[in-house]
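A short worksheet on the structure shown next.
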Amino acid sequence: MPFENTWDDRGYYSRFWGIVPEWEIDAMNREFSDDPRCDTARYQIFDGTDIEAFAVSDREIKRIASNDIGVESYLKNISVALVGSKPEIKAAYQQYVETCQKVNKTWTFRIFDTLAEARRWLQL
């Protein structure tokens, strides 16, 4: 799998690399939401700095966002930092954010070019 996850006291960090299909994003999300620490998480960082490409369709991005909207029903006030500078990665992030924001009212989303910018925003 081209991803790794790390927990700290306040949140969750996921780093992806290579070509990323939908099922790997689903696997990462399951690891996050199935862990008891999820209940007290304040942030999630999705680090796509080393992603070569998303093998994810527009429809699949909407499905991923819909799943996260469901998680928002019990996990409130999470800050989601999406990291990546490639235009195609940022476009996928933007589609995800726009879909989530239609219904998800307690999560905050930001897209960053670098991990350092995301960590500053989260004050880590």
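Since we're looking at a predicted model, the values are computed, not measured. When a residue number appears, it is its place in the shown sequence, counting from 1.
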* Test side-chain contact (heavy atoms from CB on, under 4.5 Å) on E31 and Y12 and set out the steps. => CA-CA 10 Å; E31 284 186 25; Y12 191 67; 3.5 Å; yes
* Hey, mind stepping through I25 and Y96 against side-chain contact (heavy atoms from CB on, under 4.5 Å) and telling me if it holds? -> CA-CA 12 Å; I25 297 169; Y96 163 81; over 6 Å; no
* Report the C-alpha distance between N67 and D26 in whole Å, list the side-chain angles of each, state the deciding distance to 0.1 Å, and finish with yes or no for side-chain contact (heavy atoms from CB on, under 4.5 Å). => CA-CA 9 Å; N67 288 343; D26 285 342; 4.2 Å; yes
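The minimum heavy-atom distance between E60 and A55, with the atom names listed, is OE1-O, 3.9 Å. Minimum heavy-atom separation, C38 to S33: SG-CA, 3.8 Å. In this structure, I61 and A92 approach most closely via the heavy-atom pair CD1-CB, 3.8 Å. Shown here for A65 and T99, the closest heavy-atom pair between the two residues is CB-CG2, 3.5 Å. The nearest pair of heavy atoms linking L115 to V83 is N-CG1, 3.5 Å. Here the shortest heavy-atom pairing between W121 and V80 reads CZ3-O, 3.8 Å.
A continuous path of ILVMFWY side-chain contacts below 4.5 Å connects F3 to W7, so both sit in one hydrophobic cluster.
The distance from atom CZ of R15 to atom OG1 of T6, rounded to the nearest 0.5 Å, is 9.0 Å. Taking CZ from R120 and OG1 from T114, the interatomic distance works out to 6.0 Å, rounded to the nearest 0.5 Å. Here the OG atom belonging to S85 is positioned 14.0 Å from the CZ atom belonging to F112, to the nearest 0.5 angstrom. With rounding to the nearest 0.5 Å, the separation of CZ in R59 from NZ in K62 is 10.5 Å. For the atom pair N29 CG and Q44 CD, the distance stands at 6.0 Å (nearest 0.5 Å). Taken from CD1 in I89 to CD1 in I111, the straight-line distance is 11.5 Å, to the nearest 0.5 Å.
When the shell of 6.0 Å around NZ of K90 is examined, it contains more than 12 heavy atoms from other residues, nucleotides or ligands.
With E72 contributing its side chain and W107 its backbone, the two residues share no donor-acceptor pair below 3.5 Å.
S14 and N5 form a side-chain donor-acceptor contact under 3.5 Å, judged by distance and modelled atom types alone. Counting only N and O atoms by type, the side chains of D8 and Y13 include no donor and acceptor under 3.5 Å apart.
The only member of I51, D50, D47 that meets side-chain contact (heavy atoms from CB on, under 4.5 Å) when paired with W17 is D50.
No side-chain heavy atom of R42 sits under 4.5 Å from any side-chain heavy atom of L122.
Below 30°, between 30° and 60°, or above 60°: for F54 and F46 the angle between ring planes is between 30° and 60°, a tilted geometry.
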